[in-house]
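Note sheet for the following structure.
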Amino acid sequence: EPEVTQTPSHQVTQMGQEVILRCVPISNHLYFYWYRQILGQKVEFLVSFYNNEISEKSEIFDDQFSVERPDGSNFTLKIRSTKLEDSAMYFCASRGAGGSGNEQFFGPGTRLTVL
Amino acid sequence: AQSVTQLGSHVSVSEGALVLLRCNYSSSVPPYLFWYVQYPNQGLQLLLKYTSAATLVKGINGFEAEFKKSETSFHLTKPSAHMSDAAEYFCAVSVTGGGNKLTFGTGTQLKVEL
């Protein structure tokens, strides 16, 4: 069964460093998402991406964040200068064509720890 | 903007007992509603979804949910809990338009006791 994959599973970085989180969505999907979950809190939407551009972003997704689909398979989230409060689990999701009733498939997540 | 409220951050049931996890939504347009389950140190797995077809939706692992527009609710139930159901459950809402993002509730941790 097709699945969303994410690498690395765990990333430890120093405050102020740049990190890139990688995702490989399901191959025929067209809509891509990043969410994050701070430990013990709910899952929060960061950004959605369609047709090579951001379609919506949350207030969390400030200038320190960027997303890219550098080739036909990868979807990345970059944090330019990490802060302690960026420590969280980051989930990538993808969705196929059709209405928003279609399921978003989630990857296993990348746990980001900022020291 | 849409939102979801999950009543009860922790629910504890005995094995074999009824599971009832509550979810109420707020949306100015017809919503799509989802229940996801998260096992420890894992990602989110879809249990079931409501997409304006049948109001009673059946999902995986014996779970079902009923969409009640008059009550703006989408509660998750299972007739008989199993130890393997212990996990965190998230209700989420999406609407057509924009990026079709999911807006999640705060989650309910389900504990199943012998």
Side-chain angles (χ1 to χ4, degrees), chain A residues 1 3-7 9-10 21 23 25-26 29-61 67 75 89-111, chain B residues 1-10 21 23 25 27 29-55 57 59-60 65 67 74 87-109:
Chain A
E1 185 175 332
E3 59 182 15
V4 177
T5 60
Q6 292 185 241
T7 54
S9 57
H10 193 181
L21 310 183
C23 168
I26 293 173
H29 282 186
L30 302 176
Y31 301 84
F32 312 110
Y33 306 83
W34 284 102
Y35 295 83
R36 78 171 186 190
Q37 184 181 29
I38 294 171
L39 188 64
Q41 298 185 25
K42 69 177 179 179
V43 178
E44 300 173 289
F45 167 76
L46 289 178
V47 65
S48 58
F49 192 85
Y50 169 71
N51 200 24
N52 282 320
E53 61 183 27
I54 291 173
S55 46
E56 187 175 358
K57 60 183 180 180
S58 73
E59 59 189 25
I60 302 168
F61 195 88
V67 289
F75 179 51
M89 182 74 90
Y90 288 80
F91 292 106
C92 172
S94 69
R95 178 169 73 85
S100 51
N102 278 0
E103 174 186 355
Q104 290 185 25
F105 290 80
F106 283 79
T110 294
R111 181 168 297 284
Chain B
Q2 62 271 22
S3 66
V4 164
T5 301
Q6 290 183 245
L7 292 175
S9 58
H10 291 82
L21 304 182
C23 173
Y25 70 90
S27 175
V29 297
Y32 300 101
L33 294 159
F34 305 81
W35 275 99
Y36 281 86
V37 61
Q38 185 181 33
Y39 297 101
N41 301 311
Q42 293 189 29
L44 296 159
Q45 181 184 8
L46 182 71
L47 277 177
L48 49 79
K49 64 180 181 181
Y50 166 76
T51 58
S52 75
T55 55
V57 180
I60 62 171
F67 173 73
F74 190 57
E88 184 140 28
Y89 292 80
F90 292 94
C91 183
V93 63
S94 175
V95 298
T96 302
N100 302 122
K101 67 182 181 187
L102 287 170
T103 300
F104 286 86
T106 50
T108 297
Q109 185 73 44

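Just so you know, these numbers use all the heavy atoms, side chains as well, and skip hydrogens, waters and symmetry mates. Below, read A as the first sequence line, B as the second, and so on, with proteins coming before strands; counting in each chain starts at 1.
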Take A/Y35 and B/L102, measure what side chain to side chain contact (heavy atoms under 4.5 Å, CB included) needs, and give me the verdict at the end.
CA-CA 9 Å; A/Y35 295 83; B/L102 287 170; 3.3 Å; yes
Dump the intermediate steps for side chain to side chain contact (heavy atoms under 4.5 Å, CB included) on B/Q38 and A/Q37, then the final yes or no.
CA-CA 12 Å; B/Q38 185 181 33; A/Q37 184 181 29; 3.1 Å; yes
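Most heavy-atom pairs under 4.5 Å with chain B: of the set A/V47, A/V43, A/V4, A/I54, this distinction falls to A/V43.
Neither the backbone nor the side chain of A/Y50 comes within less than 4.5 Å of any heavy atom in chain B. Neither the backbone nor the side chain of A/F49 comes within contact range of chain B, judged by heavy atoms closer than 4.5 Å.
The nearest pair of heavy atoms linking A/E56 to B/K101 is OE2-NZ, 3.2 Å.
Under a cut-off of 6.0 angstrom, the local environment of CD1 in B/I60 is crowded, with over 12 non-hydrogen atoms contributed by other residues, nucleotides or ligands.
Remark: side-chain polar atoms of A/Y31 are not paired, donor with acceptor, to backbone N or O of B/N100 under 3.5 angstrom.
Of the residues listed (B/F34, B/F90, B/Y36), the one engaging A/F106 in a ring pair (Phe, Tyr, Trp, His ring centres under 6.0 Å) is B/Y36, and it is the only one.
Put simply, CD on B/E88 and NZ on A/K42 are 12.5 Å apart, with the number rounded to the nearest 0.5 Å.
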